[in-house]
Protein chains: 2
Amino acid sequence: MSVTIKDVAKVCGVSPSTVSRVVADNPRISLETKKKVREAMEELGYHPNFNARSLVANSTATIGIIMPRATEDVFLHPFFPEVIRGISVAAHEKDYMILITTGSTQEEQLEAVSKMIHGKRVDGVILLSSQENDPIISMLIKWDFPFVLIGSPDQYIDQVNYVDNDNITAAKSATLHLLQSDHQRIAFIGGSKDLVVTKHRLEGYKQALSLVDIPYDEAMTAFVAFSKEEGYVAIQQLFYVEKKPTAILVTDDLIAIGVLTALKEQGYKIPEDVSVVSFNNFSMAELYNPSLTSVDISIYSLGYKAAKRLFLLIKDASMNPQHIEVPYKLVIRQSSK
Amino acid sequence: MSVTIKDVAKVCGVSPSTVSRVVADNPRISLETKKKVREAMEELGYHPNFNARSLVANSTATIGIIMPRATEDVFLHPFFPEVIRGISVAAHEKDYMILITTGSTQEEQLEAVSKMIHGKRVDGVILLSSQENDPIISMLIKWDFPFVLIGSPDQYIDQVNYVDNDNITAAKSATLHLLQSDHQRIAFIGGSKDLVVTKHRLEGYKQALSLVDIPYDEAMTAFVAFSKEEGYVAIQQLFYVEKKPTAILVTDDLIAIGVLTALKEQGYKIPEDVSVVSFNNFSMAELYNPSLTSVDISIYSLGYKAAKRLFLLIKDASMNPQHIEVPYKLVIRQSSK
DNA sequence: ATCTGCAATTCAAACGTTTGCATTTAAATC
DNA sequence: GATTTAAATGCAAACGTTTGAATTGCAGAT
């Protein structure tokens with residue numbers, strides 16, 4: 001078996017507790033002993049057993065991430081790798097590890113969080129999205145477990161730590177950008193209707209319209225999943241009507257690409273016939289032809305800041321919940337006019 | 001504190017060991033007792049403490065992944081999310097979790113693996129790439145710890161489990177595809193020279209050339225890091241010479257996009273003046289204009305199969321090392337002629 | 001009535017740490 | 001030289017499980 005604290009102790013002729021204190025660099029151990037013990041550790045190739053340690057210390061230097069469905073399509077969407085990248089950099093800075101589980105259904109996800117938390121495998125959790133009435137959030141609050149939400153909560157607003165963009169204002173200014181080019185008929189394509197981010201962006205869109213007294217028209221909206229295919233489908237719906245939109249605000253680049261594909265197929269010129277503005281500013285937004293006007297929401301930063309906040313929370317669980325706002329930036333390219 | 005096995009035992013009037021055996025669904029416990037205990041567990045909200053369990057059972061239902069550098073650029077490259085997606089689906093099937101660490105330098109990476117393994121935090125490890133003389137691989141072999149390499153090892157070929165494409169043949173046939181269009185001057189842009197994958201693809205490239213008696217010319221090769229910028233730089237070098245290439249084999253789509261950007265800037269028409277074939281077939285290969293001819297190496301599959309293999313290995317450590325080959329497929333698009 | 005055998009359960013040790021408290025040792029003070 | 005003090009270290013319990021061996025209870029065989 002592997003070498004334990006006892007082996008080191010025996011070699012050095014000290015007690016296990018002394019070795020433990022050397023590992024922890026406890027000032028009550030003499031420098032002489034420390035040196036001796038450290039040499040022995042090196043020699044024997046000692047590495048502390050993490051399970052034993054967390055068992056008693058009740059901490060794990062690990063943060064948990066719960067990913068929506070493990071099936072084919074997650075991780076396919078560039079949002080997740082990018083946000084995890086941010087988390088991962090922050091974790092690396094603090095010498096934390098990242099534990100990832102996936103759950104297909106919401107039940108599975110709840111089960112997964114529960115396993116992580118009650119199994120004492122993580123010190124805190126980062127949630128990657130929130131829905132209307134999210135049971136995971138209520139559970140975490142009930143358990144009083146440190147967590148940070150990326151995105152905004154639907155309820156318990158002042159009980160949860162969350163980092164998000166100001167999506168209302170972002171959508172508003174993106175819409176205004178289109179209105180400035182005199183578009184009168186602007187459509188909106190959002191994600192699933194019970195995602196908070198969808199609500200926010202729809203709200204911003206409405207606010208912009210009302211500023212210029214254009215009535216909100218439900219027939220000009222569509223709500224789809226985050227994929228190219230769905231963007232394609234949404235166009236069939238939106239352009240099936242008499243008075244076609246001349247501009248579209250799309251909640252995601254990936255969807256936008258589906259949108260553009262469909263529009264091109266139907267012979268529309270971009271941006272002459274239809275302008276498209278989307279969100280996220282993935283690298284494909286720049287690479288695609290025409291390049292996409294997109295709101296950069298700084299996904300990396302969302303992840304990084306969430307992790308930073310979580311570390312604080314782990315240290316001091318009694319901290320007041322805080323809302324951290326990450327700036328956005330409209331990047332204008334060829335797809336809008 | 002949280003509810004333990006002892007609490008459940010007390011409530012049911014049985015011993016902790018009985019509860020433990022109920023959790024493990026041991027047949028030596030009567031159905032009656034099982035039912036009673038399970039109800040109590042439900043009632044009290046019992047969840048086993050994972051650390052305590054792995055401490056004695058010496059297993060963790062977790063696999064470790066070590067990512068190269070946590071700095072800005074990893075996870076930025078689409079290879080990693082995609083391969084992790086494969087791993088993650090396999091893990092989900094087996095109810096395994098994934099533990100991720102990052103290390104900037106090779107030393108940090110070694111340290112990270114060591115921490116995972118000796119800290120008893122994972123049952124097995126998946127390596128995402130291998131270099132010439134990789135010290136991590138020799139360590140893992142020395143420790144006799146279950147691991148699977150994605151890519152091919154440089155040494156210890158018959159001691160390691162690895163899953164990879166046949167990169168030699170893949171590069172060969174990609175080059176032949178170009179040769180069939182009568183290209184005489186084909187350049188090669190690879191990744192870092194001490195990556196095994198670079199060696200293999202270079203080898204395939206050479207083999208194809210020799211088939212048609214074109215001499216290998218080192219001036220027609222460049223070796224760069226995996227980014228657009230570096231692709232751009234490579235072109236400055238390769239087109240600085242008298243007799244310019246008419247075709248380029250590039251080891252990665254991301255690099256290829258940098259290559260295309262540079263070529264377009266210098267006024268070359270793609271594919272009329274220069275043909276480009278690359279590897280990986282990321283979604284951007286399809287979206288870019290012109291769309292990229294690319295060798296699809298089935299990255300998802302690499303991850304999935306590696307994880308599958310690892311599970312077998314964890315079950316039976318004495319299994320003979322195996323090499324799993326994942327098929328590739330040349331996808332011809334607009335960038336080559 | 002005693003013994004055997006079996007099913008169901010309990011006992012107790014072990015896993016490798018951490019940590020409050022007790023003990024030892026040696027120097028400092030009176 | 002006895003006593004106090006401080007520093008350095010050791011002791012032992014605790015963390016929450018698992019598991020081989022021991023125990024109990026009871027039906028059936030002798």
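Side-chain atoms are counted along with the backbone in the values below, which use heavy atoms only and exclude waters and symmetry mates. To find a chain, count down the sequence lines: A is the first, B the second, and so on, and within it residues start at 1.
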Handout entry: Crowding at NZ, A:K36 (>12 non-hydrogen neighbours, <6.0 Å)
Key =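 Buried by this count: over 12 neighbours within 6.0 Å.
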
Practice task
Would you please classify the geometry between the B:H77 ring and the B:F80 ring as parallel, tilted or perpendicular, with 30° and 60° separating the classes?
Solution key: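 Perpendicular.
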
Handout entry: Parallel, tilted or perpendicular: ring planes of B:F311 versus B:Y96, cut at 30 and 60 degrees
Key =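 B:F311 vs B:Y96 ring planes: tilted.
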
Starting from [atom2] on [N], measure out to [atom1] on [X] and report it in whole angstrom.
X: A:R53; N: D:dT17; atom1: CZ; atom2: C1'; value: 20 Å
X: B:K10; N: C:dT10; atom1: NZ; atom2: P; value: 14 Å
X: B:I117; N: C:dG16; atom1: CD1; atom2: P; value: 17 Å
X: A:R28; N: D:dT9; atom1: CZ; atom2: P; value: 11 Å
X: B:I5; N: D:dT19; atom1: CD1; atom2: C1'; value: 12 Å
X: A:H118; N: D:dG16; atom1: NE2; atom2: P; value: 13 Å
X: A:K120; N: C:dT17; atom1: NZ; atom2: C1'; value: 16 Å
X: B:K34; N: C:dA8; atom1: NZ; atom2: P; value: 10 Å

Problem - Option passing side-chain hydrogen bond (donor to acceptor under 3.5 Å, both in side chains) with B:R121 (candidates A:N51, A:T60, A:T62) - result: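 It is A:T62; the other options fail the test.
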
Handout entry: Verdict with supporting geometry, A:S114 and B:H47, side-chain hydrogen bond (donor to acceptor under 3.5 Å, both in side chains)
Key = CA-CA 8 Å; A:S114 177; B:H47 288 262; 3.1 Å; yes

Practice task
Say whether, by atom type as modelled, one donor and one acceptor occur between the side chain of B:K10 and the main chain of B:I5 under 3.5 angstrom.
Solution key: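 A pair under 3.5 Å: no.
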
Problem - Sorted by number, the residues of residues 16-27 of chain A with heavy-atom contact under 4.0 Å to DNA chain C - result: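 The answer is A:S17, A:S20, A:R21.
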
Between N or O atoms, less than 3.5 Å apart, protein on one side and nucleotides 13-15 of chain D on the other: list the pairs.
none

Exercise for the section: Take B:S30 and B:T33, measure what side-chain hydrogen bond (donor to acceptor under 3.5 Å, both in side chains) needs, and give me the verdict at the end. Expected result: CA-CA 5 Å; B:S30 71; B:T33 312; 2.7 Å; yes

Handout entry: Evaluation steps, ring-ring contact (aromatic ring centres under 6.0 Å, His included), between B:F79 and B:F226
Key = CA-CA 10 Å; B:F79 177 84; B:F226 292 91; 8.6 Å; no

Base, sugar-phosphate alone, or nothing: which one does [X] contact when heavy atoms must sit under 4.0 Å apart?
X: A:T33; value: sugar-phosphate
X: A:G13; value: sugar-phosphate
X: A:H47; value: sugar-phosphate

Problem - side chain to side chain contact (heavy atoms under 4.5 Å, CB included) partner of A:L127, the single match among A:L140, A:I150, A:V148 - result: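 Considering A:L140, A:I150, A:V148, a side chain to side chain contact (heavy atoms under 4.5 Å, CB included) with A:L127 is found only for A:L140.
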
